[in-house]
Amino acid sequence: MNKIYIVLLALGLFVLNTGCSDDFDDMNVKKDAVVDVEPKFFFNTIIQAPFANYQRNVNLYPDLYSQYWANTVSGFASPRYEYVDGWIGNQWKEHYTDYLRKAVAIQESVGDNPVFADALAIKEIWMVYWWSRMTDTYGDIPYFNAGTGESVPYTSQQEIYTDLFARLDAAIKSITGDAEQYKYDDGYDLIYNGDALQWRKFGNSLRLRLAMRISNADPAKAQAEAQAAANGPGGLLISNADVAKVPMWSKGWYDYLHQMAWNWNNIRMSKTFSDNLYNQSSVGEDPRAPKWFTYQVDGKPTTKEDAGFDKYLGIENGYNLVPADSDKNFATINLEGGYIDFAGDGGENGMYCPVMFYSEVKFLEAEAALRGWISGDANALYKEGVQASMDYVGVDGGDAIGYIDGLAALSGTNEAKLKQLITQKWLANFPNGVEGWADFRRTDYPDITLPKDGVSGSSTVAAGTWVKRVRYPDNEHLQNETNMPSALNTLTSDRMDIKVWWDTADTKTKDGSGLMNSNF
């Protein structure tokens, strides 16, 4: 991977189709010079987006809102639902000024060349993924014709989703897999190394994810898209070998979980996550717990027993003044526990940032089967999802079987079954906070607590209410309010307790048994 960064550094700032005149270009460009930037160079930087600026873009927002982690720095604003433009505002800027422009550059430079059909399809699938993250964060956003350098109107999230499904359908169907196709190989495609058929499986699986995302907002469309995904050419992800994850070079510096949870000690496991590691199966402790977590004692990883605890404990989310010794008393990331995404592959890849686990696909299939949208036994698919997660994390086979045998089968009403299913999906999706937060907003499962010290009076989230979206950046309000949705085009009205389109219910409406009445 080091050669990638050397090439990108040499490229520096890129310029496409610029110049005062053709004559000027002819005088200043050598006859044998390479003037076009290969698509793989642009694609390589776009695909690193999931871990770019990770602390500010993800860890201080979705990672906390999913309650995989809790922040342990007193006075930090986001755990109590405050917006900080210098943190999460970077996600907007990076998307519109960097990733989107590079995606447009790829399309404009090779869009008419049939040799690049697979490369363009892969680019489209990846950008659908990234667009879905953007709209799921904010709701309505500038979409159609964005990236051209012009100010464009905001598009409703419903319209964006309709177009994302169409783009996925077209991209998946256009993949050839032919050997003569241009490839993002030689390490430039950090996920599948240019394997278009693998990308096709990811594209179908992403389609299934997005279909289930809109299950409450537009059930008919969701059902149609779920069926199209399940029956799509090339199929879904079929094993842990298909997991979509972005590697981080072991010799580089990355703003990822190891920094926040170990080097900087800014986060610890959330109490919500810890509770669910111990209350799901009759065997007690989830065997993934010691793979994922450890205690930090004198700067070294230490088992719970050696650290003097009987469990891997998490701290409550949303403190303003964090209790003393939280670094010592609560579990943190285990970089040496054998879990590949935290420990690396022992070679050049030091860690991995998840995009989609195979286990997630099994849980998506289980939910679709529960809704009667695809064939299959929901309970069997649910158990397969847990097994896939155990295998991927590296749990001993006997321990995995014991835990799964100790899980209650899906039972009761469909709402009760969904709560069980989503809770296990949420556990298996760790540490993908983006997905954990999205599933909570969509289904209102699992049970996630409000901030310990209450919703901040400086937030735009009403007391006793969960955060539902991130507000638009300050610069949008300064320069583009005329294009914003009319209900959100002032700093006062741009609230973070306003639901996005596919989030149709309020967590506060759960009944006495902790169930919603809105998911079916």
### Task
Quick one: list whatever passes salt bridge (charged side-chain N to carboxylate O under 4.0 Å, His left out) with Asp345, sequence neighbours left out.
none

### Message
Going by salt bridge (charged side-chain N to carboxylate O under 4.0 Å, His left out), name the pairs with one or both residues in residues 379-397, residues two or more places apart or in two chains.
### Response
Lys362-Glu384

### Gln91 backbone acceptor or donor facing Asn57 side chain under 3.5 Å
yes

### Query
Do Ser156 and Glu159 have side-chain N/O donor and acceptor atoms under 3.5 Å apart?
yes

### Query
Do the side-chain N and O atoms of Gln48 and Asn44 include a donor-acceptor pair separated by under 3.5 angstrom?
yes

### Query
Has the side chain of Asp63 got a donor or acceptor atom that lies under 3.5 Å from a matching backbone atom of Trp69?
no

### Task
May I ask you to decide if the ring planes of Trp131 and His95 are parallel, tilted or perpendicular, using 30° and 60° as cut-offs?
perpendicular

### Query
Is a donor on one side and an acceptor on the other found under 3.5 Å between the side chain of Glu225 and the backbone of Phe165?
no

### Query
So, Tyr392 versus Phe357, ring centres under 6.0 angstrom or not?
yes

### Task
Decide side chain to side chain donor-acceptor pair (under 3.5 Å) for Glu476 and Tyr154; before the verdict, give the C-alpha distance in whole Å, the side-chain angles of both, and the deciding distance to 0.1 Å.
CA-CA 11 Å; Glu476 278 295 285; Tyr154 278 51; 2.5 Å; yes

### Query
Going by heavy atoms in the side chains, are Ile214 and Arg442 under 4.5 Å from each other?
no

### Task
Evaluate the side-chain proximity of Leu335 to Ile333: yes if any heavy-atom separation is below 4.5 Å, no if none is.
yes

### Query
Are Lys510 and Asp447 close enough for a salt bridge, meaning some N to O gap below 4.0 Å?
yes

#### Entry: Residues Lys271 and Glu316 bridged, charged N to O under 4.0 Å
no

### Query
About how many Å separate OG of Ser174 and CD1 of Ile125, when rounded to the nearest 0.5 Å?
7.5 Å

### Query
Can you tell me how far CD of Glu415 sits from OG of Ser518, rounded to the nearest 0.5 angstrom?
5.5 Å

### Query
Does the separation of the ring centres of Tyr65 and Tyr81 fall below 6.0 angstrom?
yes

### Query
With a 3.5 Å cut-off and no angle check, do the side chains of Asn204 and Arg207 form a donor-acceptor pair?
no

### Task
May I have the step-by-step check of side chain to side chain donor-acceptor pair (under 3.5 Å) for Arg288 and Ser389, ending in yes or no?
CA-CA 9 Å; Arg288 291 168 293 191; Ser389 176; 2.7 Å; yes

### Message
Any salt bridge linking Glu285 with Lys311? Criterion: basic side-chain nitrogen under 4.0 Å from a carboxylate oxygen.
### Response
no

### Task
Keeping the roles fixed (side chain from Asn379, backbone from Ala409), state whether a donor-acceptor pair exists under 3.5 Å.
no

## Note on the structure
When rounded to the nearest 0.5 Å, the distance separating NZ of Lys417 from CG of Leu370 is 6.0 Å

### Message
Between Tyr339 (side chain only) and Phe293 (backbone N and O only), is there a donor and an acceptor less than 3.5 Å apart?
### Response
no

### Query
Is a side-chain N or O of Glu367 found less than 3.5 angstrom from the main chain of Phe363, in a donor-acceptor match?
no

### Message
I'd like to know whether Trp262 forms a ring-ring contact (aromatic ring centres under 6.0 Å, His included) with Phe342, so could you lay out the CA-CA distance, the side-chain angles of the two residues, the decisive distance to 0.1 Å, and finally the verdict.
### Response
CA-CA 11 Å; Trp262 188 267; Phe342 290 166; over 10 Å; no

### Query
Do the rings of Tyr138 and Tyr472 sit parallel, tilted or perpendicular, given the 30° and 60° boundaries?
parallel

### Message
Less than 6.0 angstrom separating the ring centers of Tyr445 and Phe440, yes or no?
### Response
no

### Query
Is a donor on one side and an acceptor on the other found under 3.5 Å between the side chain of Arg56 and the backbone of Ile88?
no

### Message
Using a strict threshold of under 4.0 Å (side-chain N to carboxylate O), is an ion pair present between Arg469 and Asp503?
### Response
no

### Message
What verdict does the side chain to side chain donor-acceptor pair (under 3.5 Å) test give for Asn519 and Asn216, after you've listed the backbone C-alpha separation in whole Å, the side-chain angles of each residue and the deciding distance to 0.1 Å?
### Response
CA-CA 6 Å; Asn519 285 297; Asn216 292 332; 2.8 Å; yes

### Message
Restricting to ring-ring contact (aromatic ring centres under 6.0 Å, His included), what partner residues turn up for Tyr352, sequence neighbours left out?
### Response
none

### Query
Is the side chain of Trp466 donor-acceptor paired with the backbone N or O of Asp506 at a distance under 3.5 Å, no angle test?
no

### Message
Working note: Asn265 + Arg268, criterion side chain to side chain donor-acceptor pair (under 3.5 Å); need CA distance, chi angles, decisive distance, verdict.
### Response
CA-CA 7 Å; Asn265 288 323; Arg268 286 295 182 263; 2.8 Å; yes

### Message
Contact between Ile340 and Asn349 at the side-chain level, heavy atoms closer than 4.5 Å - yes or no?
### Response
no

### Task
Can you measure from CG (Leu488) to CG (Asp494) and round to the nearest 0.5 angstrom?
5.5 Å

### Query
For Trp87, which residues count as a ring-ring contact (aromatic ring centres under 6.0 Å, His included) partner, sequence neighbours excluded?
Phe76

### Query
With sequence neighbours excluded, what pairs up with Ala103 under the side chain to side chain contact (heavy atoms under 4.5 Å, CB included) test?
Ile46, Lys123, Met127

### Message
Tell me which pairs pass salt bridge (charged side-chain N to carboxylate O under 4.0 Å, His left out) where either residue lies in residues 229-247, with sequence neighbours left out.
### Response
Lys201-Asp242, Lys245-Asp341

### Query
Between atom CD1 of Ile404 and atom OG of Ser281, what is the distance when rounded to the nearest 0.5 Å?
9.0 Å

### Message
In terms of relative ring orientation, are Tyr129 and Trp126 parallel, tilted or perpendicular, with 30° and 60° separating the classes?
### Response
tilted

#### Entry: Residues which pass side chain to side chain donor-acceptor pair (under 3.5 Å) with Arg495, listed by chain and number, not counting sequence neighbours
Asp497

### Message
Please tell me whether Tyr54 and Phe51 form a close aromatic pair, meaning their ring centres lie under 6.0 Å apart.
### Response
no

### Message
Listing request: all salt bridge (charged side-chain N to carboxylate O under 4.0 Å, His left out) pairs with a residue in residues 425-435, at least two apart in sequence or in separate chains.
### Response
Arg209-Glu435, Arg213-Glu435, Lys425-Asp439

### Query
Can you tell me if Thr332 uses its side chain to pair, donor with acceptor, with the backbone of Ala261 under 3.5 Å?
yes

### Task
List for me each residue that meets salt bridge (charged side-chain N to carboxylate O under 4.0 Å, His left out) alongside Glu82, sequence neighbours excluded, and say none if there are none.
none

## Note on the structure
Taken in chain and number order and not counting sequence neighbours, the residues that satisfy salt bridge (charged side-chain N to carboxylate O under 4.0 Å, His left out) with Lys93 are none

### Summary
Sorted by chain and residue number, the ring-ring contact (aromatic ring centres under 6.0 Å, His included) partners of Tyr192 (sequence neighbours excluded) come out as Trp199

### Task
Would you check if the side chain of Gln280 reaches a backbone N or O of Leu407 as a donor-acceptor pair within less than 3.5 Å?
no

### Task
Please check if any side-chain donor atom of Asn317 sits under 3.5 Å from a side-chain acceptor atom of Ser270, or the reverse.
yes

#### Entry: Non-neighbouring partners of Trp426 that pass ring-ring contact (aromatic ring centres under 6.0 Å, His included), sequence neighbours left out
Tyr68, Phe273

### Query
Between the side chains of Trp502 and Asp136, does any donor sit under 3.5 Å from an acceptor?
yes

